[in-house]
A.B. asks: 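Here it is: the structure, laid out below.
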Amino acid sequence: MDYIIGMDIGTTSTKAVLYDLKGNVIDHTSHSYELYRDATGMAEQEPEEILEAVTLGLRKVIHSINWQKDKLKAVSFSSANQSLIALDENYQPLTRIITWGDTRAAAAAEKIKDSDKGQELYERTGTPIHPMSLLCKISWLKEDVPEVHHKAAYYCGIKEYVLYRLFGIWQMDVSVASCTGMYNIFELQWDRKALALAGVKEEQLPKVVDAYEQFSGMKKEYTKITGCPQDVTFVQGAFDGALSNLGVNAIDKGVVAVTIGTSGAIRMVSDHPVIDPKGRIFCYALTKELWVIGGPVNNGGVVFSWARDNLFDAEKSTADLLQKDSYDLLTEIAARVPAGSDGLLFHPFLGGERAPIWDANARGSFFGLTQMHTRAHMVRAVLEGIVYNLYTVLLALEEVVGQPESILATGGFARSKLWRQMLSDVFERPVTIPQAFESSCLGAAVVGMKSIGVIDQLDEVQNFVGKTKTYAPNPDHFAVYRELIPIYIRLTRQLKTEYQTIADFQRKYAQKEANSE
């Protein structure tokens with residue numbers, strides 16, 4: 001039997017899935033790693049920990065292959081985007097991986113955004129000006145950490161670093177490149193003005209290749225670790241969000257994919273780049289012919305985790321005693337509260353926010369709290385706030401590309417019937433839940449299949465996606481949400497100035513505490 005591996009180098013873990021060529025899952029594994037938050041705004045990872053997770057993942061799933069009668073046709077990669085590593089002239093890391101969630105470049109981002117170059121840069125690169133982008137991260141290094149910027153001979157993200165270590169190649173797929181804020185998505189080349197702003201030369205960055213690019217010849221030290229033969233074909237792939245759309249078959253015109261995991265996103269695929277005059281949504285590549293338009297949010301399941309750990313410690317302990325999932329218990333509690341949480345609103349901006357407000361200083365808040373509200377109201381308001389925020393991204397997307405024809409929803413939240421129904425009620429549209437296992441891994445595998453000629457078109461992914469279930473909106477619920485969502489949106493706008501004020505206060509006193517230690 002012939003196999004293909006889809007590997008996703010994600011924010012919290014690296015996942016590897018072994019598929020047969022009909023898309024059936026044969027084996028899978030996941031290896032997690034730590035996120036370091038040693039300073040205010042920091043969100044870093046150790047490159048060596050992720051490299052180890054990749055090699056261990058390959059070794060685990062390759063173990064299921066009987067080399068006497070089976071053949072591994074290809075390994076194809078997905079990865080988180082907008083990570084940055086500065087390297088010296090010998091390609092040795094000068095920094096850890098500065099992830100998309102790192103906000104220390106906030107001041108640099110605001111400076112660029114407020115300049116006459118901000119909108120112009122966005123319109124060429126498709127990347128909103130935000131601390132997540134490599135443009136802003138490198139600009140921050142240049143201004144605030146010049147000793148690193150001066151020593152840096154090269155810059156890349158985590159996938160490029162892993163591939164360099166495993167194969168000695170120096171290349172970046174067009175998908176990841178298009179997320180950097182330094183790549184012209186219309187000319188398909190590094191943007192000279194963006195590079196000049198960041199103080200980077202083109203030769204310091206990897207060569208840009210298409211998602212279908214093939215390579216082989218893993219270094220011997222890693223073939224021994226992984227058990228992978230040197231002649232196996234590897235495929236470059238794309239970034240995880242774009243491949244997640246592919247992995248749930250959300251690549252046709254008008255099909256929107258909503259994902260809520262640790263973070264969240266709304267995305268659709270186009271055959272040409274699309275720019276929002278208001279700068280609220282991104283436009284990134286899947287391949288050189290397909291483009292993913294949408295918006296990511298920082299605050300998805302991580303906010304639910306915060307509510308569980310800080311508001312429901314007793315329930316968490318009870319769930320542990322009952323050997324029950326604590327999140328299931330909390331959603332049962334939230335389900336007892338009426339839609340709209342009796343007028344309690346929650347802005348879920350615990351980690352700043354990306355789309356649609358692109359404000360790293362945004363902060364979370366409850367609004368409308370009265371004596372009648374209970375912790376049950378608060379947990380439902382938290383869940384609703386996450387969905388409200390995604391809905392505001394959908395509104396921006398609709399304004400630019402029109403009404404969606406269908407909505408697919410995936411991610412950890414999709415296991416909850418309450419969240420599925422809530423999404424349909426807030427969006428006022430049917431929401432379909434595809435049966436997809438590790439959609440980014442499947443998307444990577446499908447790109448790999450096309451690269452090696454197993455399939456002719458990416459839309460053949462429809463043959464690999466399982467059954468679906470559709471949830472229809474409840475008219476009583478969406479009538480309530482229609483009244484509350486405008487209040488939610490107005491509050492977000494009115495608090496913009498105060499977000500800056502309170503964030504400055506928090507940074508000031510966090511620095512004082514750090515200096516006193």
A.B. asks: Within the distance-only criterion (no hydrogens, no angle test), does the side chain of Glu143 pair as donor or acceptor with the backbone N or O of Trp140 below 3.5 angstrom?
C.D. replies: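 It does not hold such a pair.
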A.B. asks: Check the pair Glu289, Asp271 against side chain to side chain contact (heavy atoms under 4.5 Å, CB included), reporting the backbone distance first and the verdict last.
C.D. replies: CA-CA 6 Å; Glu289 292 80 35; Asp271 60 2; over 6 Å; no
A.B. asks: Once ring pair (Phe, Tyr, Trp, His ring centres under 6.0 Å) is applied, do any residues pair with Phe234, and if so which ones, sequence neighbours excluded?
C.D. replies: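 Counting only residues at least two positions away or on another chain, Phe234 forms a ring pair (Phe, Tyr, Trp, His ring centres under 6.0 Å) with Phe167.
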A.B. asks: Begin from the C-alpha positions of Leu58 and Ile5 and carry the test side chain to side chain contact (heavy atoms under 4.5 Å, CB included) through to its verdict.
C.D. replies: CA-CA 8 Å; Leu58 271 177; Ile5 294 172; 4.1 Å; yes
A.B. asks: Can you tell me which residue pairs pass the side chain to side chain donor-acceptor pair (under 3.5 Å) test with a partner in residues 159-171, sequence neighbours excluded?
C.D. replies: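 Found Glu48-Tyr161, Glu48-Arg165, Lys159-Asp173, Tyr161-Arg165, Arg165-Tyr222, Gln171-Gln236.
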A.B. asks: Do Thr29 and Arg59 have a side chain donor and acceptor closer than 3.5 Å?
C.D. replies: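 Absent: no donor and acceptor within the cut-off.
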A.B. asks: Is it true that a side-chain atom of Ser244 and a backbone atom of Asp240 form a donor plus acceptor pair closer than 3.5 Å?
C.D. replies: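 Such a contact is absent between Ser244 side chain and Asp240 backbone.
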A.B. asks: Mind checking side-chain hydrogen bond (donor to acceptor under 3.5 Å, both in side chains) for Gln214 and listing every partner two or more places apart, or none if nothing turns up?
C.D. replies: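 With sequence neighbours excluded, Gln214 shows a side-chain hydrogen bond (donor to acceptor under 3.5 Å, both in side chains) to Ser451, given in chain and number order.
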A.B. asks: When rounded to the nearest 0.5 angstrom, what distance separates OG in Ser175 from CG in Leu290?
C.D. replies: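 That separation rounds to 10.5 Å.
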A.B. asks: Between atom NZ of Lys117 and atom NZ of Lys111, what is the distance when rounded to the nearest 0.5 Å?
C.D. replies: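 Reported to 0.5 Å precision, the distance equals 9.5 Å.
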A.B. asks: Quick check: does any side chain N or O of Gln204 sit under 3.5 Å from a backbone N or O of Ala152, one acting as donor and the other as acceptor?
C.D. replies: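 Yes, because the side chain of Gln204 sits within donor-acceptor range (under 3.5 Å) of the backbone of Ala152.
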A.B. asks: Determine, for Lys137 against Asp102, whether the closest basic-nitrogen to carboxylate-oxygen distance falls under 4.0 angstrom.
C.D. replies: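 Result for this pair is no, no salt bridge flagged.
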A.B. asks: Which atoms form the tightest heavy-atom contact between Pro356 and Asn389, and what is the distance?
C.D. replies: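 In terms of heavy atoms, the two residues are closest at CD-OD1, 4.2 Å.
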A.B. asks: Judged by atom type as modelled, is there a donor-acceptor pair below 3.5 Å linking the side chain of Ser178 to the main-chain atoms of Ile185?
C.D. replies: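 Looks like no, no N/O pair under 3.5 Å.
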A.B. asks: Quick one: are the ring centres of Tyr327 and Trp419 less than 6.0 Å apart?
C.D. replies: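 Not close enough - the centres of the two rings lie 6.0 Å or further apart.
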A.B. asks: Say whether, by atom type as modelled, one donor and one acceptor occur between the side chain of Asn184 and the main chain of Glu187 under 3.5 angstrom.
C.D. replies: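 Side chain of Asn184 to backbone of Glu187: a pair is present.
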A.B. asks: Please verify the inter-ring angle class for Tyr154 with Tyr91; under 30° counts as parallel, over 60° as perpendicular, anything in between as tilted.
C.D. replies: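 Aromatic pair Tyr154/Tyr91 classed parallel.
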A.B. asks: With sequence neighbours left out, write down each residue that passes salt bridge (Lys or Arg N to Asp or Glu O under 4.0 Å) with Asp88, or none if nothing qualifies.
C.D. replies: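 Not a single residue meets the salt bridge (Lys or Arg N to Asp or Glu O under 4.0 Å) criterion with Asp88.
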A.B. asks: Between the side chain of Ser115 and the main-chain N/O of Ile112, is any donor-acceptor distance below 3.5 Å?
C.D. replies: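 At least one qualifying donor-acceptor pair exists.
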A.B. asks: Which residues satisfy the salt bridge (Lys or Arg N to Asp or Glu O under 4.0 Å) test with Asp359, sequence neighbours excluded?
C.D. replies: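 Partners of Asp359 under the salt bridge (Lys or Arg N to Asp or Glu O under 4.0 Å) test: Lys496.
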A.B. asks: List the atom of Ile26, the atom of Asp20, and the distance in Å for their closest heavy-atom pair.
C.D. replies: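 That closest heavy-atom pairing would be CG1-N, 3.7 Å.
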A.B. asks: Which pairs with one or both residues in residues 70-83 pass side chain to side chain donor-acceptor pair (under 3.5 Å), sequence neighbours excluded?
C.D. replies: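 Matches after skipping sequence neighbours: Asp8-Ser78, Gln82-Tyr284.
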A.B. asks: For Asp309, which residues count as a salt bridge (Lys or Arg N to Asp or Glu O under 4.0 Å) partner, sequence neighbours excluded?
C.D. replies: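 Asp309 satisfies salt bridge (Lys or Arg N to Asp or Glu O under 4.0 Å) with Lys316 only.
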A.B. asks: Counting only N and O atoms by type, is there a donor-acceptor contact under 3.5 Å from the side chain of Lys253 to the main-chain atoms of Val269?
C.D. replies: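 The answer is no, because no donor-acceptor pair under 3.5 Å joins these two groups.
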A.B. asks: Could you measure the distance from the CZ atom of Phe349 to the CG atom of Asn361? Nearest 0.5 Å is fine.
C.D. replies: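 It is 12.5 Å, given to the nearest 0.5 Å.
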A.B. asks: Please name all residues satisfying ring pair (Phe, Tyr, Trp, His ring centres under 6.0 Å) with Phe186, sequence neighbours left out, ordered by chain then number.
C.D. replies: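 Applying ring pair (Phe, Tyr, Trp, His ring centres under 6.0 Å) to Phe186 gives none.
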A.B. asks: Which residues pass the ring pair (Phe, Tyr, Trp, His ring centres under 6.0 Å) test with His149, sequence neighbours left out?
C.D. replies: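 His149: no ring pair (Phe, Tyr, Trp, His ring centres under 6.0 Å) contacts found.
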A.B. asks: Taking only residues two or more places apart in sequence, or in another chain, which ones meet Tyr183 in a ring pair (Phe, Tyr, Trp, His ring centres under 6.0 Å)?
C.D. replies: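 Counting only residues at least two positions away or on another chain, Tyr183 forms a ring pair (Phe, Tyr, Trp, His ring centres under 6.0 Å) with Trp190.
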A.B. asks: Show the nearest heavy-atom pair for residues Thr468 and Pro434, with the distance to one decimal.
C.D. replies: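 Here Thr468 and Pro434 meet closest at CG2-CA, 3.7 Å.
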A.B. asks: Given 3.5 Å as the limit, does a donor-acceptor pair link the side chain of Lys201 with the main chain of Ala196, or not?
C.D. replies: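 No: the side chain of Lys201 does not pair with the backbone of Ala196.
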A.B. asks: Distance from Thr180 atom OG1 to Leu135 atom CG, nearest 0.5 Å?
C.D. replies: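 So the OG1 of Thr180 and the CG of Leu135 are separated by 8.0 Å.
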A.B. asks: Would Thr410 and Thr259 count as having a side-chain donor-acceptor pair, cut-off 3.5 Å?
C.D. replies: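 Result is yes, a qualifying pair exists.
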A.B. asks: What side chain to side chain donor-acceptor pair (under 3.5 Å) pairs are there with at least one residue in residues 31-45, not counting sequence neighbours?
C.D. replies: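 Every side chain to side chain donor-acceptor pair (under 3.5 Å) pair that includes a residue of residues 31-45, provided the two are not neighbours, is Thr14-Tyr33, Tyr36-Glu49, Asp38-Arg96, Glu44-Arg96, Glu44-Arg104.
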A.B. asks: Examine distances only and state if a side-chain atom of Trp100 and a backbone atom of Ser133 form a donor-acceptor pair shorter than 3.5 Å.
C.D. replies: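 Judged by distance alone, no pair lies under 3.5 Å.
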A.B. asks: If the threshold is 4.0 Å, N to carboxylate O, is there a salt bridge linking Lys193 and Glu120?
C.D. replies: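 Result for this pair is yes, salt bridge flagged.
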A.B. asks: Ser263 side chain to Gly300 main-chain N or O, any donor-acceptor pair under 3.5 Å?
C.D. replies: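 Looks like no, no N/O pair under 3.5 Å.
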A.B. asks: Just distance, no hydrogens or angles: give the donor-acceptor pairs under 3.5 Å from side chains in residues 291-299, sequence neighbours left out.
C.D. replies:
from, atom 1, to, atom 2, distance (Å)
Asn298, OD1, Arg354, NE, 2.5
Asn298, ND2, Gly351, O, 2.8
Asn299, OD1, Leu350, N, 3.3
Asn299, OD1, Gly351, N, 3.0
Asn299, ND2, Pro348, O, 3.3
Asn299, ND2, Gly352, O, 2.8
Asn299, ND2, Glu353, OE2, 2.9

A.B. asks: Can you confirm whether Lys151 is buried at NZ, in the sense that more than 12 heavy atoms of other residues, nucleotides or ligands lie under 6.0 Å from that atom?
C.D. replies: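 Open: at most 12 neighbouring heavy atoms sit under 6.0 Å from NZ of Lys151.
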A.B. asks: Which heavy atom in Cys156 sits nearest to a heavy atom in Leu87, and how many Å separate them?
C.D. replies: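 Answer, listing the atom of Cys156 first, then Leu87: SG-CD1, 3.9 Å.
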A.B. asks: With rounding to the nearest 0.5 Å, note down the distance linking NZ in Lys15 to SG in Cys441.
C.D. replies: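 Between Lys15 NZ and Cys441 SG, I get 7.0 Å after rounding to 0.5 Å.
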A.B. asks: From Leu458 CG over to Asn245 CG, what is the distance, rounded to the nearest 0.5 angstrom?
C.D. replies: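 Interatomic distance, Leu458 CG to Asn245 CG, rounded to 0.5 Å: 12.0 Å.
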